[in-house]
Amino acid sequence: MAKYDYDMFTIGAGSGGVAASRRAGSYGARIAICEESRVGGTCVIRGCVPKKLLVHGAQFADAFADSVGFGWAPHMPAFDWAKLIANKDTEIDRLNAIYKKLLSDAGVALFEAHGRIIDAHTVEVAGKRYTAANILIATGSHPTVPAIPGIEHAITSNEALQLPSLPRKLIIVGGGYIAVEFAGIFASLGTEVVEVIRGDDLLGGFDDDVRVALAMEMRGRGVEIRTRTNIARIDKYPHGITATTTQGEEISADAIMYATGRRPNTRNLGLDEVGVQLDANGAVVVDEGSRTTVEGIYAVGDVTNMLNLTPVAIAEGRALAETLFNDNPMIVDHETVPTAIFSQPPCATVGLTESAARKKYGAIDVYRTRFKPMKNLLAGRDERTMMKLVVDRASDRVLGCHMVGADAPEIIQGLAIALKCGATKTQFDQTIGIHPSAAEEFVTLREKVPEPKAAAAE
Ligand code: NDP
């Protein structure tokens, strides 16, 4: 008889947990997974997927407006927010069912309840204890908001995806991925959006040219971005809220949404008791093999101190299953991970920012272009695309590709393969462009941006 009930017990059926469990199940391992919310996790239920559906919905506004320059009679059809939300929910229900079926097809036992670790080989779910050779923590993260008076009147991305009606005016606090994505959705749908950031620029950690270009285009689309602004309190009134800044200024709106980061779901899992180490942000500390500080307990995805991106969680989950159950030790390379922001216009990036490359390599060359894409000429849209390459001067290797503009995520995904292969600027130049496209600009960049010192001396 087997020593344990299961070969692996996974806590959390989001992208990482499901990927690990399915792959392990496909190798004949006996796997159980528990989920206290809905199978699919943040990405499928209240993150990437519903957000992207809303982005698609919002983009029709541009298409209708732009069509006039291409000969279509001016016509802005009425928009029905409730219908978009209902259709989005139907799609999420469908995906939720598919995820459950994928688990059962892989022979994974699903418990729809909260799981808690009792010891290194025991998980308690709904009052029953199960033993497992390995335990995988894949519990994800949740939005975090600062503790200011009236914060209970604020919503997060969770509620923004379920609003009963489209707000006429919305304050969004934060300048990261989620804040700019939702600012784009709501502004395109006709909501007056005020984005409040505590620093000078959006998107901390991204290349400065991306940060500047996106802010410019968002402002061009009517999003008001208030920099160096902090909200001190929120008051609720029958028809909305008023946010008061630390300078005493009042901003009234129908709603206020906080997108001020996410915190790992590590509470009430028994981690302290069993000795799993957390970092200062409450994330599970793991090594490159997703091992926690307790032997036999692993963690993947947003609950860890690694990159918080769905495809990374999936890769970590699959690598763990390969390592544990297919005698195929795998480690996920967390370098050169491409990422996209589905703002309007979208941004995407892979590799090093200019400032990180300067720090790491010293001598670098920077190539940058800003241009009006062909479609915008007839459309009468003033929006420009920004593309940028960061190149190591010594080796000619392309270290970073950055873009703000239509189709940026689709274009950068392909370039990420080139960077993974160590492509040089010469190889970019030798590549024939696809004409007419925006993407071809990445293989025709000739003019170097003057060195910062030389530029300052001019
Ligand atoms: P981010 O960490 O990206 O951004 C948080 C923002 O909130 C920053 O602008 C930060 O400002 C600001 N902030 C933090 N605390 C406060 C505060 N107390 N008061 C005011 N502002 C504050 O978090 P998100 O919530 O946007 O997203 C979480 C993560 O989810 C992302 O990092 C990403 O990994 C993932 N994600 C990925 C997506 C994608 O791949 N497209 C989409 C959505 C999320 P400052 O810069 O000054 O610190």
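Reckoned from all heavy atoms, side chains included, excluding hydrogens, waters and symmetry mates. First listed ligand is number 1; within each ligand, the first listed atom is number 1.
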Is there a polar contact, in the sense of an N or O pair closer than 3.5 Å, between Gly204 and ligand 1?
no

Does the distance from a Lys or Arg side-chain N to an Asp or Glu carboxylate O, for Arg233 and Glu249, drop under 4.0 Å?
no

Give the numbers and elements of all ligand 1 atoms closer than 4.0 Å to a heavy atom of Lys51.
41 (N), 42 (C)

Do Pro146 and Tyr258 come within less than 4.5 Å of each other through their side chains, counting heavy atoms only?
yes

Identify the protein heavy atom lying closest to atom 2 (O) of ligand 1, giving its residue, its atom name and the separation to 0.1 Å.
Gly261 CA, 4.3 Å

Establish, from distance only, whether the side-chain atoms of Tyr99 and Arg22 form a donor-acceptor pair under 3.5 Å.
no

Salt bridge present between Lys236 and Glu152 (N-O < 4.0 angstrom)
no

Is a salt bridge present between Glu36 and Arg116, judged by a nitrogen-to-oxygen distance below 4.0 Å?
no

Is the closest heavy atom of Leu309 to ligand 1 under 4.0 Å?
yes

Residue and atom name of the nearest protein heavy atom (relative to atom 21 (N) of ligand 1), distance in Å to one decimal
Thr260 CG2, 3.5 Å

Salt-bridged, Lys169 to Asp254, with N to O below 4.0 Å?
no

Where does Cys48 meet ligand 1, judged by heavy-atom distances below 4.0 Å: at the side chain, the backbone, both, or neither?
neither

Name the orientation class of the two ring planes belonging to Phe111 and Phe9 (parallel below 30°, tilted from 30 to 60°, perpendicular beyond 60°).
parallel

Minimum-distance protein heavy atom relative to atom 34 (O) of ligand 1
Asn308 O, 2.7 Å

Note: Glu195-Arg226 ion pair, threshold 4.0 Å (strictly below)
no

May I ask you to identify, for Pro146, whether its side chain, its backbone, both or neither come under 4.0 Å of ligand 1 on a heavy-atom basis?
side chain

Given Gly174, Ala179, Gly176, Pro409, which has its nearest heavy atom closest to atom 12 (C) of ligand 1?
Gly174

Suppose we measure from atom 29 (C) of ligand 1 to each protein heavy atom; which comes out shortest, and what is that distance?
Arg262 CD, 4.3 Å

Judged by non-hydrogen atoms, does Gly199 sit under 4.0 Å from ligand 1?
no

Of all the non-hydrogen atoms in the protein, which one sits nearest to atom 32 (O) of ligand 1, and at what distance?
Tyr177 CD1, 3.8 Å

Neighbour count >12 (heavy atoms, 6.0 Å) for atom CD, Glu335:
no

With respect to atom 44 (C) of ligand 1, which of Ile178, Thr156, Asn230, Asp201 exhibits the smallest heavy-atom separation?
Ile178

What protein heavy atom sits nearest atom 41 (N) of ligand 1, and how far off is it?
Ala340 O, 2.8 Å

Does NZ or CZ of Lys425 fall inside the cone over Tyr367's six-membered ring, less than 6.0 Å from its centre and within 45° of the axis?
yes

heavy-atom search around atom 10 (C) of ligand 1 in the protein gives Arg198 NH2, 4.1 Å

Which residue and atom name correspond to the protein heavy atom nearest atom 42 (C) of ligand 1, and how close is it?
Glu181 OE1, 3.3 Å

